Amino acid sequence: MRSASVFIVSSAMTLLALSISNTAAAQTPGGPSWRQRARPNQTLPDSKFTFETRFGGYYPKVDEEFGADGPFAQYFGKGPQFYFGLGLDWTPLRIPYVGRIGPAVGWGFTTMNGDARKVSDPSAAVDGVDTSLTIHAMNVSASLRIDEIARRTVVPIVPYAKFGLGMGLWSSGTSAGTSKIGTDCNATTPTDCTKGEGLSIGPQFSLGAMLGMNWLDPRSGAMVRENSGVNQVYIFGEWMWSGLDYSINKDAMRVGTSSWVLGLALDL
Amino acid sequence: MAHSPSSRSRLRRALCTLGTVALSTVGFATPAFAEGLAVSNIVKYTPADSRTDPDVKYWISKADCEREEKFTFTATFTSVATNTDLEVWATLGSTDCSIGMNRQTKDGQACFLVYSEPDPVVSTSVEISARTIADQFTSTADCSSTSINGQSVTLYFLVINQSEPSADVTEKQTWPTSIDLSAPDPPNITGITAGDGTLDLALGDVTAEAKNDTQRYILFCDPPSGAASSNGSCSCGNPGADGGAAGSGGNLPGPPPATGGTGGIGGMPTTGGTAMTGGMGGIGGMPTTGGTAMTGGMGMGGTTTSSTTTSSNTSSATGSTAAAGGSGGSGGSGGTGECGEKSADVCSSCFFAEGEEAPSEDSEYKCGESTNNAASTLQTDSIENGTITAVAIAVVDKVGNVSPLSPLQCATPTEVTDFYEAYRENGGRGGGGTCSLGFFNRANNAAGPALALLTASAFLFRRRRKTSKTKRIGGAQ
């Protein structure tokens with residue numbers, strides 16, 4: 001069910017972008033052309049910023065340390081969790097014949113809910129008592145966008161890669177609040193109480209490719225560029241891996257993922 | 001008749017003199033009123049201290065009325081004279097109490113005297129009870145009215161000439177307040193969900209008006225927080241008294257048929273928390289007609305809803321002898337059901353009930369509070385797992401009027417294992433907060449330090465590049 005909703009939302013975004021471009025293209029006399037010389041404004045402006053909106057499935061790797069059916073699978077299942085994210089790349093440096101490079105930041109969010117289990121019978125879900133895990137997945141990365149292909153050929157594809165430090169701010173609880181485990185959690189200054197929240201960090205890596213949409217309707221693309229400063233609109237697909245397995249002065253909950261995401265990106 | 005200019009001038013002088021004398025005479029004859037009335041802003045009104053909403057700070061609530069809270073003002077005059085009264089009149093709405101006619105006692109009177117001080121001094125402390133004001137506008141004078149729910153009240157501070165109490169008054173000051181003696185409606189609970197040590201109550205739709213008037217919700221639980229059972233019990237209903245005396249027997253046989261005596265009706269038991277119907281006494285003997293056998297009276301025992309006690313006394317006779325009336329049945333025994341029964345079908349408490357006044361907020365039964373007037377769900381404080389608990393809610397409006405209690409809802413909180421507890425039970429060690437400094441930790445893995453090294457290297461590399469670039473620029477210069 002979750003994977004279906006992830007797929008539907010992601011697909012809807014992609015189709016929306018395509019339909020907008022197609023509608024505009026249909027109004028262009030002669031239609032679009034793959035030939036570079038036939039395309040107006042064939043040299044793309046040198047963008048410095050790329051803004052991304054991304055959707056996908058998130059597979060927290062919590063159970064990696066427990067084996068097959070760890071607590072995560074028991075409570076939330078094995079399917080993907082809906083993930084939404086935003087990203088901003090600043091690529092002021094250009095590597096000749098390769099592309100742009102610079103720092104990037106990203107933030108993503110996913111939350112999952114499941115029924116809590118009876119203490120007396122851990123296999124029995126208690127209807128109406130939810131337990132949840134929420135992850136804010138952030139990263140600071142170096143981003144390389146290989147846009148020379150799109151700039152110098154007719155292929156409007158921009159492969160890219162990012163590598164950096166990922167951070168997963170997570171919390172787990174019930175409707176009563178964040179989980180607490182200990183003997184004096186209700187004390188004013190508890191001394192034996194562990195809260196169900198933490199910050200997991202680790203390397204983050206992603207590989208993807210963006211497909212420029214302006215070739216579908218160069219005239220509309222030029223108008224958008226003139227009016228809003230958006231040089232290019234892309235849809236992209238990306239494989240995202242984050243090893244959020246470490247923490248600072250604490251043991252970490254492994255809230256990283258290895259998953260595919262789809263999204264829209266704007267070159268500014 | 002024509003007047004010469006000189007005669008007209010004389011006439012004007014004469015009229016002027018006459019007028020001056022007349023005015024002087026009137027001035028001396030009428031005592032000087034108190035003048036320059038000024039009323040300080042309220043000096044003291046205890047309920048205002050606990051109200052955060054400035055719009056209702058000086059309102060009169062039901063509780064203010066019951067506690068006879070007092071408004072204290074200071075009235076000052078630039079000059080005062082004898083034969084004057086300082087009076088305070090109260091009116092609902094916009095009636096002008098400085099007009100004498102509006103202060104007259106009559107049907108439909110709109111202004112009411114709530115304070116009077118004869119011959120006030122230059123600085124007079126005026127103390128007016130909230131109850132005195134409220135009583136003027138309620139028919140029952142018990143601080144309760146469903147129709148008084150936020151109306152404006154104006155207090156008129158008037159300097160009244162004792163010799164002309166019904167005259168219009170010019171020396172006046174007004175002070176506005178409002179009055180709300182109406183308790184809000186109890187909330188509508190649409191469902192209850194058992195949590196881990198808590199119960200969640202879903203609230204039905206609330207009108208925007210009611211929402212605006214809501215200051216907070218208070219939850220009451222039985223058993224109270226931390227208790228595994230109710231602190232006491234209560235039985236419902238006492239046994240009914242015995243039935244009436246036996247009815248007298250029927251008359252001798254033969255036409256006309258005799259009528260047997262009618263037994264007394266048994267006592268009705270008192271009603272308890274869940275009312276039980278008492279027993280009904282025996283009905284006296286009913287004779288049959290003719291000379292054949294007659295059936296005596298039959299007593300009917302009492303009946304309760306939860307247990308039935310029936311006793312009957314039947315007597316009969318045949319032949320020509322009148323049968324004796326049956327003796328009255330014994331009274332029904334009282335209901336044996338416990339008040340405070342809590343089950344899937346019944347939800348009650350010995351200590352509070354739907355529609356009744358809420359228990360004191362200081363009582364042990366208070367088990368939660370919410371100041372979110374837009375809440376759709378309310379959660380109790382921590383209560384005992386495994387104990388069926390009855391919960392009711394009261395609403396407090398913005399002036400502190402407390403509604404009657406909502407219908408009671410029962411559920412049993414259940415101890416559950418949430419995801420994080422299961423994670424820890426399985427050996428997971430993550431968590432404990434986000435703020436601390438130290439080394440990277442990951443059990444049985446050395447990649448943490450490697451990551452730290454990588455990050456540090458990146459910084460160093462960047463720094464070195466910067467330094468060398470600066471050197472190059474320096475060298476170029």
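Because the structure is predicted, anything quoted here is derived from the model rather than measured. In what follows, chains are A, B, ... by sequence order, proteins preceding strands, each numbered from 1.
- Screening residues 360-393 of chain B for disulfide bond (SG atoms under 2.5 Å apart), with sequence neighbours left out, gives C221(B)-C367(B).
- Between Y75(A) and F419(B), the ring planes lie perpendicular to each other; the angle is over 60°, past the 30° to 60° tilted range.
- Scanning all heavy atoms of the two residues, the minimum distance from M210(A) to A265(A) falls at SD-CB, 3.9 Å.
- Of residues 370-390 of chain B, those residues with a non-hydrogen atom less than 4.5 Å from any non-hydrogen atom of chain A are, in numerical order, Q379(B).
- Residue with the most contacts toward chain B among L169(A), D115(A), V119(A): V119(A) (heavy-atom pairs, distance under 4.5 Å).
- Relative ring orientation between Y423(B) and W170(A) is described as perpendicular, the plane-to-plane angle rising above 60° on a 0-90° scale split at 30° and 60°.
- Checked by atom type, the side-chain pair T50(A)/D267(A) shows a donor-acceptor distance below 3.5 Å.
- Along residues 186-214 of chain B, the residues that come nearer than 4.5 angstrom to chain A, judged on non-hydrogen atoms, are T193(B), A194(B), G195(B), D196(B), D200(B) in order of number.
- Between chain B and the residues A124(A), S200(A), C193(A), G196(A), the most heavy-atom pairs under 4.5 angstrom are made by G196(A).
- Each salt bridge (Lys or Arg N to Asp or Glu O under 4.0 Å) pair with one or both residues in residues 131-145 of chain A, not counting sequence neighbours, appears once here: E52(A)-R145(A), D89(A)-R145(A).
- Crowding of R429(B) atom CZ: a count of heavy atoms from other residues, nucleotides or ligands under 6.0 Å not exceeding 12.
- Looking at S258(A) and W239(A), their side chains do bring a donor and an acceptor atom within 3.5 Å of each other.
- Using a distance-only test at 3.5 Å, with no hydrogens or angles considered, no donor-acceptor pair links the side chain of T91(A) to the main chain of I101(A).
- A tilted orientation is assigned to the rings of F55(A) and F84(A), their planes being inclined by 30° to 60°.
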